[in-house]
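Just so we're on the same page: letters track the sequence lines, and every chain starts at 1.
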Amino acid sequence: MAENAHRPPIRSCFPPSPTGYLHVGGARSALFDWLAARSTGGQFILRIEDTDRARLQEATVEAIFDGLRWLGLQWDEGPEVGGPYGPYVQSERLPLYHEWARWLIDNGHAYEDFDPPPPPGKPQAHTSDETVGITNMVRAERSFRKYRDWTAEQREEARHTIAHAPAIRFKMPLDGETVARDVVRGDIRWKNTELPVDPVLLKGDGFPTYHLAEAVDDHFMKRNVVMRGLEWIPSMPLHALLFRAFGWEEPLFCHLPLVTGMDGKKLSKRHGDAGLHEYRAQGYLPEAIVNFCALLGWSFGDDIEIFSKEEAIERFRIEDIRPAPSAWDMDKLLWINSQWINHRLTLGDFVERALPFFDADGLDINGFDGEYIASAFALVKDRAKLLTEVPPLTHFFFQEPKADMDMVRLLTKQGSDQPTAILEATFDALSAAHWRTRDDLISAIDTVVTHFGVKRGIPFGLVRIATTGRTAAPDQADLMLVLGPERVIQRIRAAIDALKATGEG
RNA sequence: GGCGCGUUCGUCUAGUGGCCUAGGACGCCGCCCUUUCAAGGCGGAGAUCAGGGGUUCGAAUCCCCUACGCGCUACCA
């Protein structure tokens, strides 16, 4: 509500690494960042974190932009739109990182590591408990620790003897404890002796690690809320310490709960952690994805489940985010998608979005009148759960069903022992009807009901099969009104002929 | 192994000491509406609030312990 107007503006930042497509976990983070900024009148920043040159995939940058745009999460500052604190691509900010790494050395907070760089790639996993168990004893003996206290002369000399550029490491405090605050979890404390040993800030290749780049960029971009996945909690003390060493104001840290599969395990492709583009191709609406993602670790309140991101802006507050992980429930996503299609989308919007799915379906409906298409779509709008269902649901409006053996089988198994006679009577009744309102058609068919003394479902069902080729379709009167008398009469005729040709009924 | 985070119906959640014999939603089941299928309406099953100790007149809500789950433990992010 209006309370949000009084909150300090949040400058949030979604910082993807261009190492893959935008997945639902990333989409959820971006959404929360966007909501935090919009709900407080702040700005949503997009920053490309491409400091890991080995895993970089240039092409994925564009895919990430596409995903965000599809969701409607427009960024206020970042690539393509610019902004006062650019550039917004880390590889273009290298001099800044070097400058501040230097500053840390000069002010006694960092030092050069003259050891040769380790082999590239992920280091060997700790497999033996025994090995891992003694880590804390060994930590004080890490080889690079000796450089921490080297004199200026020693360092000068070393620079001439090594062939590689030294990495720069942060001087972690040797005792005491570090306390940092997480918005959703409160204060978290660590004994400094248990923190990682002097992490690298600037790598031998001249690129910063996430830690340095994050602190420098967040400061100069004036990001004041750091929202990110909970896997970053262990780095929070280091990041807080970095800000304190620089003498910069710390942003608010806000760690988002994990999104898991239904089994509680890490979300994987198997669980639906597909790229956003795959959900798009499956006929999901961006509004539904956003709506569903917002419900992962946050709730709208007042028992309201269906809402737009604009509506969420009114109520979103980062301190209402829950700390517990949540599962990606495809059933609920599908329900939300159907709610949006059935009740939230306007007909015009629905038509516009469903149309492209006909191309994928292989049915060309471009020759049909726009009004005809719209009135056909209107009849399935309240029963489609996915956009991909629209073509099969409306197929018969654009293509006459085949009056073949399959149809004959459906007609004869429909529940009447005289389908041909009933269809012929219906044919006559509909031929004589007015075709102005639903009631014209219903009363026409009701004459058949009376004459044969059958249930309404019999003639309605037979005509449904004759006109659509299916046993399940929209309301038969509505559907016939859209199809028009010519098509309906002609299709019933074809069905009768097919029945007679096979000697049925 | 160490450190950290987490734990309310199968799932998403409401709930911040009494309104809770725990509310809503998805899914499931049944009924109604009805020319089919949906949608919609109504109802049902489903959580001793992870377990155990405290604090309190009173705890899902505060504290401690345990269990389990997850994360981190790189010159990756």
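- Using a cut-off of 4.0 Å between Lys/Arg side-chain N and Asp/Glu carboxylate O, A:Arg383 and A:Glu389 are scored as not salt-bridged.
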Would you list the atom pairs, donor with acceptor, under 3.5 Å between side chains in residues 461-471 of chain A and any protein atom, with sequence neighbours excluded?
| from | atom 1 | to | atom 2 | distance (Å) |
| --- | --- | --- | --- | --- |
| A:Thr467 | OG1 | A:Val463 | O | 2.7 |
| A:Thr467 | OG1 | A:Arg464 | O | 3.3 |
| A:Thr467 | OG1 | A:Gln476 | NE2 | 3.2 |
| A:Thr468 | OG1 | A:Arg464 | O | 2.6 |
| A:Thr468 | OG1 | A:Arg470 | N | 3.0 |
| A:Thr468 | OG1 | A:Arg470 | O | 3.3 |
| A:Arg470 | NE | A:Ala472 | O | 3.4 |
| A:Arg470 | NH1 | A:Pro392 | O | 3.0 |

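- Among the heavy atoms of the strands, none lies under 4.0 Å from A:Gly229.
- Of the charged side-chain nitrogens involved, at least one lies within less than 4.0 Å of a carboxylate oxygen, so that A:Arg228 and A:Glu214 count as a salt-bridged pair.
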> Between A:Gln57 and A:Thr60, is a side chain to side chain donor-acceptor pair (under 3.5 Å) present by the stated rule, with each step listed?
Replying inline: CA-CA 6 Å; A:Gln57 290 181 55; A:Thr60 61; 5.5 Å; no
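- At a threshold of 4.0 angstrom between heavy atoms, the contacts of A:Asp182 with the nucleic acid are absent.
- Using a 4.0 Å cut-off between a side-chain N of Lys or Arg and a carboxylate O of Asp or Glu, A:Arg189 and A:Glu177 qualify as a salt bridge.
- Distance CD/A:Gln282 to CG/A:Leu387: 12.0 Å, rounded to 0.5 Å.
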Restricting to nitrogen or oxygen on both sides, can you table the protein-nucleotides 64-71 of chain B pairs closer than 3.5 Å?
| from | atom 1 | to | atom 2 | distance (Å) |
| --- | --- | --- | --- | --- |
| B:C70 | OP1 | A:Lys265 | NZ | 3.4 |

Output a table of donor-acceptor pairs, distance under 3.5 Å, between side-chain atoms of residues 290-299 of chain A and any protein atom two or more places apart or on a different chain; print 'none' if there are none.
| from | atom 1 | to | atom 2 | distance (Å) |
| --- | --- | --- | --- | --- |
| A:Asn291 | OD1 | A:Phe307 | N | 3.1 |
| A:Asn291 | OD1 | A:Trp340 | NE1 | 2.9 |
| A:Asn291 | ND2 | A:Glu305 | O | 3.0 |

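- Here A:Thr51 reaches the OP1 or OP2 of B:A77: one of its side-chain N or O atoms lies under 4.0 Å away.
- Between A:Arg53 and A:Asp50, at least one side-chain nitrogen of the basic residue sits less than 4.0 Å from a carboxylate oxygen of the acidic one, meeting the salt-bridge criterion.
- Taking the six-membered ring where tryptophan is involved, the planes of A:Phe316 and A:Phe32 are perpendicular, since the angle between them exceeds 60° and thus also 30°.
- A salt bridge does not link A:Arg169 with A:Asp198: every distance from a Lys NZ or Arg NE/NH1/NH2 to an Asp or Glu carboxylate oxygen is 4.0 Å or more.
- Residues from residues 450-457 of chain A that place a heavy atom under 4.0 Å from any atom of RNA chain B, listed by number: A:Arg456, A:Gly457.
- Rounded to an integer number of Å, the gap from CG of A:Asp478 to C1' of B:C37 is 13 Å.
- The side chain of A:Arg470 places no N or O atom within less than 4.0 Å of a non-bridging phosphate oxygen (OP1 or OP2) of B:C37.
- For A:Arg383 against B:C37, a side-chain-to-base donor-acceptor contact under 3.5 Å is present.
- For B:A14, one of the phosphate oxygens OP1 or OP2 lies less than 4.0 angstrom from a side-chain nitrogen or oxygen of A:Arg322.
- Residue contacts for A:Asp302: at a heavy-atom cut-off of 4.0 Å it reaches no nucleic acid atom on any strand shown.
- Using Watson-Crick or G-U wobble geometry with both donor-acceptor distances under 3.5 Å, B:G43 finds its partner in B:C29.
- Between A:Gln57 and B:C76, a side-chain N or O to OP1/OP2 separation shorter than 4.0 Å is absent.
- Using a 4.0 Å heavy-atom criterion, one finds that A:Pro118 contacts the bases of the nucleic acid, with or without backbone contacts as well.
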> Quick one: what's the B/S/- string for nucleotides 20-30 of chain B, heavy-atom cutoff under 4.0 Å, read 5' to 3'?
Replying inline: ----BBSS---
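- Heavy atoms of A:Thr471 sit under 4.0 angstrom from at least one base atom.
- A:Glu319 meets the side-chain hydrogen bond (donor to acceptor under 3.5 Å, both in side chains) test with A:Arg7; sequence neighbours excluded.
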